[in-house]
Peer 1: 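Dropping a structure here in structure tokens format, bear with me for questions.
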Amino acid sequence: MKDWMLLLPILIPVSGALLVFLMPKDSRALQRVLAMLFSAAALGMTIILYGRQMAFNLAWAGFGIDFNLKLDSFSSFIILVAAFTFLTVLYSVIYMDKNRRERLFYGFTLLTSAFVSGAMLADNLVVMLFFWEGLLGLLFGMIMVNGNKASSTAIKALIINGTADLCLIFGVGITFWQAGSLDMGAINLPLKDFWPSLAYILMMIGAIAKAGSMPFHSWIPDAATDAPLPFLAFIPAALDKILGIYLLARLNLSIFLMLPGSNLSLAVMVIGACTIILAVMMALIQKDYKKLLGYHAISQVGYMILGIGTALPIGIVGGIFHMINNALYKSCLFFTAGSVE
């Protein structure tokens, strides 16, 4: 079954990014208008798709690797994060006015929105990895918008997230070996034996690293001082948190069968609890407002991981609720930091 509308949350921002990149460097007003129009159009499409149930299936590379997208009640709610793209672009029209790489920032912002939507809609593990790894390069590019002074932070983010993504790739490989399928909706592995448990741990590392949990967090406070401020409101505070926690929730809800009170459940909750306490203690001693917000954003991930780690419906719902809650208020707090700055 093919429902081509599912491609639009991906294709609309990609098209906008390509047009922005093709614009002459001195046409800054046109670049801003294009970024705002295409981010608004992508948001409008996600609103239209909200609450619908549909799927897009296309034979892709063989060996079970099909370009499968699926929209359900969970993903249709989560892809509304396109609102953060529009608000970030709107804010950046003023904030990035004196930045010589403004065009790159708008293009990378639109591409990031497209890849996040693709990762959330993916119903095949390899398709999810395709979009997930694309975000790694975009993360590096968006930090580098601030020039060579941000190069060390960009390389650090690339190495930390790249290592975690490598764990995710190995986890997907083991999951395919154990389940015999790459279809995310058809996998439901019980976490009783060694190999499924190892696959879960590796994929969980990829998810919590994307969310910015400890011990994969150290690039975020550095980015608070080196990267453009709208980047902080857009990726570490909003999209990365949402995407990482979304994948962790999918692991617990459908791909793996985790039992409350199991050893893996307790391990995930311990990671969440440690992240809450240690990161907020670091936030308490900061003198720089943006670094304080960076550490506080890390601590809030701990609550989400702790809730999902319970493997209880109320805990998972609480983690997902705080995922959206934190993205909203933390983005606004970073925007206020930029206004003061």
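Side-chain atoms are counted along with the backbone in the values below, which use heavy atoms only and exclude waters and symmetry mates.
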Peer 1: Is it the case that Ser213 and Thr275 place a side-chain donor and acceptor less than 3.5 Å from each other?
Peer 2: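 There is such a pair (donor and acceptor under 3.5 Å, judged by atom type) between the side chains of Ser213 and Thr275.
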Peer 1: Answer yes or no: is there a donor N or O on one side and an acceptor on the other, between the side chain of Gln31 and the main chain of Pro24, under 3.5 Å?
Peer 2: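 It does hold such a pair.
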Peer 1: So, the side chain of Ser299 versus the backbone of His296: is there a donor-acceptor pair under 3.5 Å, distance only?
Peer 2: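 Yes; judged by distance alone, with no hydrogens or angles, the pair exists.
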Peer 1: Mark yes or no for whether Asp193, through its side chain, and Pro196, through its backbone, hold a donor-acceptor pair below 3.5 Å.
Peer 2: no
Peer 1: Check whether any side-chain heavy atom of Leu136 sits under 4.5 Å from a side-chain heavy atom of Leu158, and report yes or no.
Peer 2: yes
Peer 1: Among side-chain atoms of Tyr200 and Asn252, is any donor-acceptor pair under 3.5 angstrom?
Peer 2: yes
Peer 1: Do Val340 and Tyr289 come close enough that some side-chain heavy atom pair is under 4.5 Å?
Peer 2: no
Peer 1: Taking all non-hydrogen atoms of both residues into account, name the closest pair between Ile174 and Ala199 and its distance.
Peer 2: CG2-CB, 3.7 Å
Peer 1: Would you say that Asp183 contacts Asp123 through its side chain, given a criterion of any heavy-atom pair below 4.5 Å between the two side chains?
Peer 2: yes
Peer 1: When rounded to the nearest 0.5 angstrom, what distance separates OG in Ser331 from CG in Leu293?
Peer 2: 10.5 Å
Peer 1: For Phe256 and Thr175, what are the C-alpha separation, side-chain angles and deciding distance, and is it a side chain to side chain contact (heavy atoms under 4.5 Å, CB included)?
Peer 2: CA-CA 9 Å; Phe256 296 96; Thr175 301; 3.6 Å; yes
Peer 1: Does the side chain of Glu133 reach to within under 4.5 Å of the side chain of Ile169, using non-hydrogen atoms?
Peer 2: yes
Peer 1: Can you check whether Phe176 reaches Val126 side chain to side chain, under 4.5 Å on heavy atoms?
Peer 2: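 A side-chain contact is absent here, since even the closest heavy-atom pair is not under 4.5 Å.
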Peer 1: How far does CD1 of Ile298 sit from CE of Met282, to the nearest 0.5 angstrom?
Peer 2: 9.0 Å
Peer 1: Counting distance only, does the side-chain N/O of Asn325 pair as donor-acceptor with the main-chain N or O of Phe321 below 3.5 Å?
Peer 2: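 Between the backbone of Phe321 and the side chain of Asn325 there is no qualifying donor-acceptor contact (under 3.5 Å).
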Peer 1: Suppose we screen for ring-ring contact (aromatic ring centres under 6.0 Å, His included). Which residues come up paired with Phe105, at least two apart in sequence or across chains?
Peer 2: none
Peer 1: Please report the shortest heavy-atom distance between Ser39 and Thr85, naming the atom on each side.
Peer 2: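 In terms of heavy atoms, the two residues are closest at CB-CG2, 4.0 Å.
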Peer 1: Roughly how far, to the nearest 0.5 Å, is the CG atom of Leu18 from the CE atom of Met23?
Peer 2: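 Met23 atom CE to Leu18 atom CG measures 10.5 Å (nearest 0.5 Å).
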Peer 1: Looking at Tyr106 and Arg32, would you say the former's side chain and the latter's main chain have a donor-acceptor pair under 3.5 Å?
Peer 2: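 A pair under 3.5 Å: no.
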Peer 1: Could you pull out the closest heavy-atom pair between Ala35 and Val20, with the gap in Å?
Peer 2: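 Smallest heavy-atom distance, with atoms named: N-CG2, 4.3 Å.
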Peer 1: Is the side chain of Ser339 donor-acceptor paired with the backbone N or O of Phe335 at a distance under 3.5 Å, no angle test?
Peer 2: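 Looks like yes, one N/O pair under 3.5 Å.
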Peer 1: Below 4.5 Å, heavy atoms only, C-beta onward: do Ile308 and Val268 meet side chain to side chain?
Peer 2: no
Peer 1: Within a strict 4.5 Å, meaning less than it, do heavy atoms of the Leu135 and Leu111 side chains meet?
Peer 2: no
Peer 1: What is the ring orientation for His322 with Tyr329, classed by angle as parallel under 30°, tilted 30 to 60°, or perpendicular over 60°?
Peer 2: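 Answer is tilted, since the angle falls between 30° and 60°.
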Peer 1: Can you name the closest pair of heavy atoms from Pro260 and Ser265 and give their distance?
Peer 2: CA-OG, 4.5 Å
Peer 1: Given side chain to side chain contact (heavy atoms under 4.5 Å, CB included), test Leu71 with Leu49 step by step and report yes or no.
Peer 2: CA-CA 8 Å; Leu71 187 73; Leu49 292 174; 3.8 Å; yes
Peer 1: Report the C-alpha distance between Met203 and Leu248 in whole Å, list the side-chain angles of each, state the deciding distance to 0.1 Å, and finish with yes or no for side chain to side chain contact (heavy atoms under 4.5 Å, CB included).
Peer 2: CA-CA 8 Å; Met203 294 184 72; Leu248 185 62; over 6 Å; no
Peer 1: Taking all non-hydrogen atoms of both residues into account, name the closest pair between Trp132 and Gly244 and its distance.
Peer 2: CH2-CA, 4.3 Å
Peer 1: Hey, what do you get for CD1 (Ile320) to CE (Met304), rounding to the nearest 0.5 Å?
Peer 2: 11.0 Å
Peer 1: Provide the closest heavy-atom pair for Ile12 versus Ala42 in the form atom of the first, atom of the second, distance.
Peer 2: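 Answer, listing the atom of Ile12 first, then Ala42: CG2-N, 3.8 Å.
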Peer 1: Given side chains that start at C-beta, do those of Lys70 and Leu121 come closer than 4.5 Å, heavy atoms only?
Peer 2: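 Side chain of Lys70 against side chain of Leu121, heavy atoms only: no contact under 4.5 Å found.
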Peer 1: Measuring from atom CZ of Phe84 to atom CG of Leu328, what distance do you get when rounded to the nearest 0.5 angstrom?
Peer 2: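 Going from CZ on Phe84 over to CG on Leu328, the span is 4.5 Å.
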Peer 1: For the atom pair CE (Met184) and OG (Ser254), what is the distance rounded to the nearest 0.5 Å?
Peer 2: 6.5 Å
Peer 1: Could you check Phe131 against Ile10 for side chain to side chain contact (heavy atoms under 4.5 Å, CB included), going step by step and ending with a plain yes or no?
Peer 2: CA-CA 10 Å; Phe131 289 110; Ile10 303 170; 4.0 Å; yes
